[in-house]
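Below, chain A is the first sequence line, B the second, and so on; all start at residue 1. Side chains included, hydrogens not; waters and symmetry mates left out as well; all remaining heavy atoms used.
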Amino acid sequence: MQIATWNVNSVKARLTNVTDWLREASPDVVCLQEIKTVDADFPRDAIEDLGYNVETHGQKTYNGVALLSKFPIEETVRGLPGGEDDDQARYIECVISHDSGPVRVASIYLPNGNPAPGPKYDYKLAWMRRLKRHAAELLAYEERLILAGDYNIIPRDSDVHDPAVWAGDALILPQSRAAFREILNLGFTDAFLQADGKGHQYTFWDYQRGAWQKDHGIRIDHLLLSPQAADTLKSVEICKPVRGKEKASDHVPVVGTFDF
DNA sequence: ATGGTCGCGTAGCGA
């Protein structure tokens with residue numbers, strides 16, 4: 001089983017890139033972020049034609065997440081629980097049925113939080129507290145659980161080309177890292193670190209300042225695994241060549257391969 | 001020191 005996450009930065013502007021990659025890589029489950037469209041305008045047919053079931057939680061202009069699965073989707077939760085006054089579409093969770101049993105997968109688009117300090121940073125931290133609360137509830141099921149997405153968090157200094165350039169940014173501030181660690185320390189494993197702990201690879205290169213050409217990237221797209229999922233992880237691939245394609249997203253897919 | 005780039009939607013915001 002291969003489970004991927006990819007911030008596509010508009011699924012409509014990126015449709016050719018997305019369908020090309022789905023055909024090439026053929027992952028079983030894909031978590032998309034920043035689809036930037038309402039559900040009714042999601043290019044559902046083009047993706048269903050490639051053999052995927054599709055669940056979306058869209059929004060006009062900004063944000064929006066989706067989950068694609070070659071296996072049946074049993075149940076779907078739209079929106080991160082505990083945010084009745086939160087109108088930003090940043091979370092969708094599905095239970096996927098597999099011969100070996102169910103796996104619960106969430107597609108997460110964690111708030112960017114810049115500029116920090118400020119209301120956007122407060123929103124980021126509050127959202128992370130809500131995610132922690134919900135993640136703790138899901139972990140209690142003691143099932144295979146994968147929280148995958150654009151976390152907008154640079155976990156280690158080795159996950160950025162130059163930490164000094166990013167000092168003060170909401171993606172690297174100590175408070176942001178601490179909030180991310182609190183979630184991890186509930187009992188999750190960062191799939192990339194388990195599979196490739198000494199490595200440093202990036203998942204995002206800004207469109208500006210020639211970041212891609214200079215390899216000035218950051219690692220902010222993560223797969224967080226429950227113990228039951230981590231036990232079956234075989235490898236993680238960060239699909240760097242995708243960033244070099246025509247009309248590329250600023251993020252590349254991250255794919256976890258599991259032994260079930 | 002400043003500006004550089006995308007996408008959305010058609011001005012300016014978000015990243």
Answer yes when A/R130 and A/D86 have at least one side-chain N-carboxylate O distance shorter than 4.0 Å, and no when they do not. yes
Give a yes/no answer on whether the side chain of A/T61 brings an N or O atom under 4.0 Å of OP1 or OP2 in B/dG9. yes
Identify, between A/Q208 and A/N152, the residue whose nearest nucleotide on DNA chain B lies closer to the 5' end. A/Q208
To the nearest Å, how far apart are A/R243 CZ and B/dC6 P? 8 Å
Would you mind reading off the distance between A/I154 atom CD1 and B/dA15 atom C1', rounded to a whole angstrom? 13 Å
Looking at A/W212 and A/Y207, would you say the former's side chain and the latter's main chain have a donor-acceptor pair under 3.5 Å? no
Please state whether the rings of A/Y151 and A/H222 are parallel, tilted or perpendicular, taking 30° and 60° as the class boundaries. tilted
Figure out the OH/P separation between A/Y62 and B/dC8, and round it to whole Å. 11 Å
Are OP1 or OP2 of B/dG7 and a side-chain N or O of A/R14 less than 4.0 angstrom apart? yes
Which ring-ring contact (aromatic ring centres under 6.0 Å, His included) pairs, counting each pair once, include a residue from residues 30-57 of chain A, with sequence neighbours left out? none
Do any side-chain atoms of residues 252-260 of chain A form donor-acceptor pairs under 3.5 angstrom with protein atoms, and if so which ones, sequence neighbours left out?
unit_1 : atom_1 : unit_2 : atom_2 : d
A/T257 : OG1    : A/Q2   : NE2    : 2.9

Distance, rounded to the nearest Å, where A/N9 contributes CG and B/dT5 contributes C1': 11 Å
Have a look at A/Y109 and say if it touches a base, only the backbone sugar-phosphate, or nothing, with a 4.0 Å heavy-atom cut-off. sugar-phosphate
Let me spell it out: for each of A/N63 and A/A248, pick the nucleotide of DNA chain B with the closest heavy atom. Which residue's pick is nearer the 5' end? A/A248
If I pick the P atom on B/dG7 and the same atom on B/dT2, what distance separates them, to the nearest angstrom? 28 Å
Which nucleotide wins on minimum distance to the side chain of A/K36, given the candidates B/dG9, B/dA15, B/dC8? B/dC8
In whole Å, what is the span from the CZ atom of A/R209 to the P atom of B/dT2? 15 Å
What's the gap between B/dT10 and B/dC6 when it is taken at their C1' atoms, as a whole Å value? 15 Å
Tell me the interatomic distance from A/H216, atom NE2, to B/dT5, atom C1', rounded to whole angstroms. 16 Å
Let me know the distance between CG of A/N114 and P of B/dC13, rounded to the nearest Å. 16 Å
Of the nucleotides B/dA15, B/dT5, B/dC8, which has the atom closest to the A/S10 side chain? B/dC8
Length of the line joining A/K247:NZ and B/dC6:P, which is rounded to integer Å: 10 Å
Take atom C1' in B/dA1 and the same atom in B/dG12, then report the distance between them in whole Å. 24 Å
Can you check whether A/K120 has a side-chain N or O nearer than 4.0 Å to OP1 or OP2 of B/dG14? yes
Which value, in whole Å, describes the distance between the P atoms of nucleotides B/dA15 and B/dG9? 15 Å
